[in-house]
There are 2 protein chains.
Amino acid sequence: MNPKFYSLPEEKQQQIIRAGFRVFSQSSYRKSPMSEIAAAAGISKSLLFHYFQNKKELYLFLWDTCARITVEEMEKGGAYDQHDLFSSMDSGMQVKLRLMRKYPDIGVFAVRAFYEKDPEVSSDIQKSMGQYLAVHAGKKLKEIDPNDFIPGIDLEMMYREMYLASEGCLWEYLQRGSLDIDAMQKEFEELVEFWKKVYLRREREDI
Amino acid sequence: MNPKFYSLPEEKQQQIIRAGFRVFSQSSYRKSPMSEIAAAAGISKSLLFHYFQNKKELYLFLWDTCARITVEEMEKGGAYDQHDLFSSMDSGMQVKLRLMRKYPDIGVFAVRAFYEKDPEVSSDIQKSMGQYLAVHAGKKLKEIDPNDFIPGIDLEMMYREMYLASEGCLWEYLQRGSLDIDAMQKEFEELVEFWKKVYLRREREDI
DNA sequence: GATTATGTTGACCGATACGGTCAGCGGAGG
DNA sequence: CCTCCGCTGACCGTATCGGTCAACATAATC
């Protein structure tokens, strides 16, 4: 790819990246035309080909960018640090939301790219994903203390249940085209409050 | 549309419908070619045009079929009947799962069609949706008794939380291409059991 | 003001894919 | 043998695709 892309004003770089995420998140690789990305970025198709040699290069660049900034933001946001269950879930979601504010379609793009079947790119995606997993694996949650929670509860189910509800929340907002991240954030925080009240031992006693 | 479609063996009708749901659920209306649907259905493009005058007619037929069979199955499954919270949630999900067994992509198709922006079909979709809503609206849940649940719980939050987790569960399974409905059903039942234990008053006392 | 370097585009190319048509194949029934 | 009918491959005109290129605009350099 053309190194001049990086000397572009940051605003313009992000415009192009956002456009790429947007278009590639809506259709498969093969059905996402360069012309559409250029139009969404507000530049000409020629200029897009000036920065990226071909479609594949742009696609893999976007995938790499997606993975890179996700890890960066996660580290910056302290999502890998050792906290209690709720606050680590909270910091993880905060990072996700901050990322979506900057790049609204990054989440859907990541999922689509990961499951992309087109032989022109699929193997590269899988290989790259493997490297990222190898580097950042093993960052686990601190062992949680069962005594913090209401007695008899299935902690694994509780965790999975919270995860699923978070995903469902995200997915529901993604469905409507115009995603209101402020509303999402507020709803997510309400969810966490609700879980604390229901699942935590001491909080329950306050009722 | 050609009435001969209905005199086709049911198996073949379903093949075509399934293929339509599949292709239209993966891309937008404009980017879903008839040739791909025909190939997925195992018939020639010509034959597809023999049963449906054009792409739009097929699309609207699929949308109508989707709405019709959903309502039919919901009624047959007793999802509109008056039950307690958990069992009505359960029967609703059972219907959804049974539908997905027969037409794996019907759910994603419905969502995509509802949010479809293409002017060639969007207005027809919205109009048709309005009619369905007008007919089947107002079927509400029975008033639930707060005394059944643990004291002090926010019932509205509880309901929304359960809804979100169900959606998140569905969405997660949909992401992996090959969806294992049996596993989904099992996991959903586990979720309901978990909720009962955590949210219901008498169940909690059993612990 | 002339010249050069840099950023950007519209027009264009060959190839492919699209929605839709149609003549005709092949098998079953008369 | 003929006729009907389900079904297809080949085809048509057009649109769109990935990618190229000459040229325009703008600003810096001399």
Side-chain angles (χ1 to χ4, degrees), chain A residues 1-20 22-63 113 116-122 124, chain B residues 1-17 19-20 22-24 26-63 113 116-122 124:
Chain A
M1 68 168 293
N2 194 331
K4 287 179 184 173
F5 176 78
Y6 290 117
S7 48
L8 240 44
E10 180 134 348
E11 179 61 29
K12 203 139 204 177
Q13 286 187 42
Q14 285 182 17
Q15 260 181 32
I16 295 173
I17 293 174
R18 261 193 292 269
R22 161 141 242 118
V23 173
F24 280 124
S25 72
Q26 284 166 346
S27 297
S28 64
Y29 171 76
R30 200 166 45 86
K31 291 184 181 171
S32 299
M34 291 290 269
S35 56
E36 209 169 300
I37 298 172
I43 62 174
S44 69
K45 192 179 63 165
S46 322
L47 188 55
L48 195 57
F49 273 105
H50 178 64
Y51 291 125
F52 303 92
Q53 281 203 7
N54 50 43
K55 187 172 163 179
K56 179 177 177 179
E57 190 183 271
L58 169 59
Y59 188 73
L60 294 180
F61 164 78
L62 287 173
W63 167 257
E116 176 63 56
K117 297 282 182 18
D118 197 302
E120 196 174 338
V121 291
S122 63
D124 296 80
Chain B
M1 69 169 295
N2 193 332
K4 287 178 184 172
F5 176 79
Y6 290 117
S7 48
L8 239 46
E10 181 135 346
E11 179 59 31
K12 203 140 204 179
Q13 287 186 43
Q14 286 183 17
Q15 260 179 33
I16 295 173
I17 292 175
R22 162 141 242 115
V23 173
F24 279 123
Q26 284 166 346
S27 299
S28 65
Y29 171 75
R30 202 166 45 86
K31 292 184 180 171
S32 300
M34 292 290 269
S35 55
E36 209 170 299
I37 299 172
I43 62 174
S44 70
K45 192 178 65 164
S46 323
L47 189 55
L48 196 55
F49 274 105
H50 178 64
Y51 291 126
F52 303 93
Q53 281 204 7
N54 49 44
K55 188 172 164 179
K56 178 178 177 178
E57 190 181 273
L58 169 59
Y59 189 71
L60 294 179
F61 164 79
L62 287 173
W63 166 257
E116 177 63 57
K117 295 282 184 9
D118 198 301
E120 196 174 337
V121 292
S122 65
D124 296 81

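Labels below follow one simple rule: chain letters A, B, ... track the order of the sequence lines, proteins then strands, and each chain is numbered from 1.
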*Take atom NE2 of A:H50 and atom P of D:dA25, then tell me their distance rounded to the nearest Å.*
18 Å

*asked:* For a quick test of reading the model, state the closest non-hydrogen atom pair linking A:Q13 to A:L8 and the distance between them.
replied: NE2-O, 3.0 Å

*Side-chain N or O of B:Y51 closer than 4.0 Å to phosphate OP1/OP2 of D:dC7*: yes

*Please name the pair of heavy atoms, one in B:V23 and one in B:A40, separated by the smallest distance, quoted to 0.1 Å.*
CG2-CB, 4.4 Å

*Contact summary for A:S27 and B:K31, nearest pair of heavy atoms*: OG-CD, 3.6 Å

*Could you tell me whether A:R30 and A:E116 have a side-chain N and a carboxylate O separated by less than 4.0 Å?*
no

*Provide the closest heavy-atom pair for B:A41 versus B:I16 in the form atom of the first, atom of the second, distance.*
CB-CA, 3.9 Å

*Which residues within residues 1-17 of chain B lie with some heavy atom under 4.0 Å of an atom in DNA chain D?*
B:K4, B:K12

_What is the distance, to the nearest angstrom, from the CG atom on A:L47 to the P atom on D:dC24?_
18 Å

*asked:* Quick check on A:E57: does its CD atom have over 12 non-hydrogen neighbours (other residues, nucleotides or ligands) under 6.0 Å away?
replied: yes

*Closest heavy-atom contact between A:A113 and A:W63?*
CB-CE3, 3.4 Å

*Looking only at atom types and distance, does a side-chain atom of B:Y29 sit under 3.5 Å from a main-chain N or O of B:K56, one as donor and one as acceptor?*
yes

*Within the side chain of B:K117, is there an N or O that forms a donor-acceptor pair under 3.5 Å with the backbone of B:S28?*
no

_From CG of A:L58 over to C1' of D:dC17, roughly how many Å is that when rounded to an integer?_
15 Å

_Checking the side chain of B:K55 only, and the main-chain atoms of B:S32 only, is there a donor and an acceptor separated by less than 3.5 Å?_
yes

*Where along nucleotides 25-30 of chain C does protein come under 4.0 Å, by heavy atom, of base (B) or sugar-phosphate alone (S), with - for untouched nucleotides?*
------

_Using a heavy-atom cut-off of 4.0 Å across all strands, would you classify B:F52 as base, sugar-phosphate, or nothing?_
nothing

*Along nucleotides 18-24 of chain C, 5' to 3', which nucleotides get a B, which get an S, and which get a -, given that the test is a protein heavy-atom distance under 4.0 Å?*
SBBBB--

